[in-house]
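Notes for the one structure printed next.
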Amino acid sequence: MASLFLRRLGFSVFSLLVVSLLLFMLTRSIPESPARIVLGDEATKTQIADFDRQHGLDRPIVVQYAVWLERLVLKGDLGRSFTTGLYMNEQIADTFPVTMELVIVAFVLASIVSVFLGTLSAFYRDSLVDYFARLLAVLGVSIPGFWLALVLILAFAVERDWFPPGGFVPLSAGLGPHLLSIALPCFCLSVFYLAVITRMTRASLLEVLNQDYMRTARASGLGRGRILMYAMRNALLPVVTIAGVSFGHMFGWALIIEQIFNIGGMSRALLTAINQRDYYMVQTVVMVFTIVFVLANLAADMINGWLNPRLAAAAA
Amino acid sequence: MNRLRRLVHFFGGPAGFAGGCIAGLLLLSSIFAPLVAPYDPLAVNILDKLLEPDETHWMGTDQSGRDVLSRVIWGSRASLAVAGFAVVIGVTFGVAIGLFATWVRGGWLEQAIMRVLEAVSSIPLLIWAIALVGIFGVRDVQWGPLTISSELKLMVLLGLLYIPTLARLTYISALAEVASNYVAARRLQGVGELRILFSDVLPNCLSPVIVQATLMLAIGIIVEAAVSFVGLGVQPPTPSWGNMLSNGRNYLISGEWWLSVFPGAAISLTVVAFNLLGDGLRDRFDPRHSTTMGYAT
């Protein structure tokens, strides 16, 4: 287990290094220099050279990357935006928890409902529940969340006033209003992944139930609950992997959903940064998302190693 | 009748066939948009603004009196073009890199390529697409004699983001082919390694790539719509499903539902079509997978 963990951790760190270097090179390769954006078109050559020297932009890209990485890893300091002068740690601290909450609620909702539905659907194959789950799986992956959001706002916030049409009510303003304000966004965010995980649970469980050892278990008179328990342990492996990837992807969709519901999370930080041509903030936001994505995959691998000790043994 | 049955079988069953038909119709209507669309998608007519759907304007009109149906039909061009060319870029480079890694197998170069590809696969697609289009700007960029529009940027970026998955897929199937007996036989015949790769291995590992490419078309359509929705993709007045939805959003509270419902329905229909087609083709051409999916469908 420890060996599997170290191996996956090593690979995650390597991934982050490669991806951050790529991102760093891309943001540095934009045609406009930050000095031009800040100082304007009238700036003289010496002014620009001064600006670049002050911010270390005159050094080679590899050196800039090393400095950035050293600060991030040793001090957890994301640095200051060249364009707005704001500390990026503060900006992330303001917006990240909001997005994180949306994603976690949506993820928990999607995981619980889908594993339950997928299990029922596989156990009672070709029953009404099964047809319902399969229909939901096809619809869910095909309806884009942002369109669903618009339709739901129309139906439940405009035609009836069950939910607010947008905005984020913080928890400090009361639990009820807070939950109402995140209900629709979380639902829209979860539908796609609910469909994907339901489908994966059903397919995987059906495959396991058809294995010889499952037939043996049934033949030796084990109860339904027991059989389900054994089957789930094996069937959950691909489900956990998919769920890990889904968690990371949900952050991407959260950007769009936040936009529609006018919620001030990371999407506002990212889009404001893009509009202000604050490329270093863009780079930071993307890096934060990528770290979450890689960590979610790592967590999925760990859960799988725990569910199936053979995986851990193979890595040793 | 027999011919029809064979056609349905080719698409991996009725669902795949239906997906193929819808996808084909959408493609045709976008190619022949000037003939199919009842009105000019850009023609402004303030007198007819915000009309509800009726027999003259099947999907109503928008705030400038432009016909929504015509804009939906023309909008399919942007969506399908971005998704299609991105897939072409991804497949071309992905297959080339996958084959190259197979060619240099057994050395440090193969290891290096595969590790980097795996690392880059940990990029969340949508966030990178939004951020990169944002970084490179939505305005047209003049690059020598070429004008690079925001659509072109999106296509290329999306294509680049597709490469790692497709390269790994090609590499995995090519590696299995290279170890097979018929390739050993070809080698004994004195055929060169590169020739074997292109004339024997490549055709045999294309089916999973085609299946994956079809599913990526569906992803591309959603990503294009999402990026245009936040205002970074296709720029108005050129219609795209994403920017129509984004515009329609402003009229939702006041009750002009048709501005957002129809473009969204078009996105869903297209995505359903490509998903059904991809699933069907997978059952048909990727038999190893179809055995496991057999329980599922």
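These values consider heavy atoms only, across backbone and side chains, with no hydrogens, waters or symmetry-generated copies. Naming convention: chains lettered A, B, ... in sequence-line order (proteins, then strands); numbering from 1 in each chain. What you see is a predicted model, and the numbers here were worked out from it, not measured in a lab.
Contacts between L271(A) and chain B at a heavy-atom distance below 4.5 Å involve the side chain alone, from C-beta outward. Both the backbone and the side chain of A265(B) come within contact range of chain A, each with at least one heavy atom under 4.5 Å from a heavy atom of that chain. In this structure, chain B has heavy atoms under 4.5 Å from both the backbone and the side chain of L23(A). Using a 4.5 Å cut-off between heavy atoms, L139(A) makes no contact with chain B at all. For chain A, the nearby parts of A225(B) are the backbone and the side chain; heavy atoms of each come within less than 4.5 Å. Interface residue I130(B): backbone and side-chain heavy atoms are both found under 4.5 Å from chain A.
The shortest non-hydrogen separation linking H249(A) to L125(B) is CE1-N, 4.3 Å. Nearest heavy-atom pair, V141(A) versus V271(B), reported as atom, atom and distance to 0.1 Å: O-CG1, 4.0 Å. Pairing each heavy atom of R249(B) with each of Q259(A), the nearest pair is NH2-O, 3.2 Å. Considering every non-hydrogen atom in both L252(B) and L154(A), the closest pair reads O-CD1, 3.8 Å. Closest approach of A131(B) to V282(A), counting heavy atoms only: CB-CG1, 3.7 Å.
Counting only heavy atoms from C-beta outward, the side chains of V18(A) and V120(B) approach each other to under 4.5 Å. The shortest distance between side-chain heavy atoms of W257(B) and V151(A) does not fall below 4.5 Å. In this structure the side chain of L126(B) never reaches within 4.5 angstrom of the side chain of F289(A), judged on heavy atoms. Contact of the V261(B) side chain with the L150(A) side chain is not registered, since no non-hydrogen atoms from C-beta on lie closer than 4.5 Å. The shortest distance between side-chain heavy atoms of E118(B) and F14(A) does not fall below 4.5 Å. In this structure, the side chains of V230(B) and F146(A) stay at 4.5 Å or more apart for every pair of heavy atoms. Within the 4.5 Å cutoff, the side chain of I127(B) has no heavy atoms near those of the W253(A) side chain. Side-chain contact between I143(A) and V272(B) is absent, with no heavy-atom pair separated by less than 4.5 Å.
Between chain B and the options V158(A), L16(A), I153(A), heavy-atom pairs under 4.5 Å are most frequent for V158(A). With respect to chain A, the highest number of heavy-atom pairs below 4.5 Å among A273(B), A218(B), S268(B) belongs to S268(B). When each of I260(A), D130(A), V285(A) is scored by its heavy-atom pairs under 4.5 Å with chain B, the top score falls to I260(A).
Within a 6.0 Å sphere centred on CG of D126(A), other residues, nucleotides and ligands contribute more than 12 heavy atoms. Annotation: F96(A), atom CZ; neighbour count of heavy atoms from other residues, nucleotides and ligands within 6.0 Å is above 12.
Looking at residues two or more places apart in sequence or on another chain, you find a side-chain hydrogen bond (donor to acceptor under 3.5 Å, both in side chains) between Q111(B) and R115(B). Among residues two or more places apart in sequence or in another chain, the ring pair (Phe, Tyr, Trp, His ring centres under 6.0 Å) test is passed with Y162(B) by none.
Not a single donor-acceptor pair under 3.5 Å links the side chain of W147(A) to the backbone N or O of L245(B).
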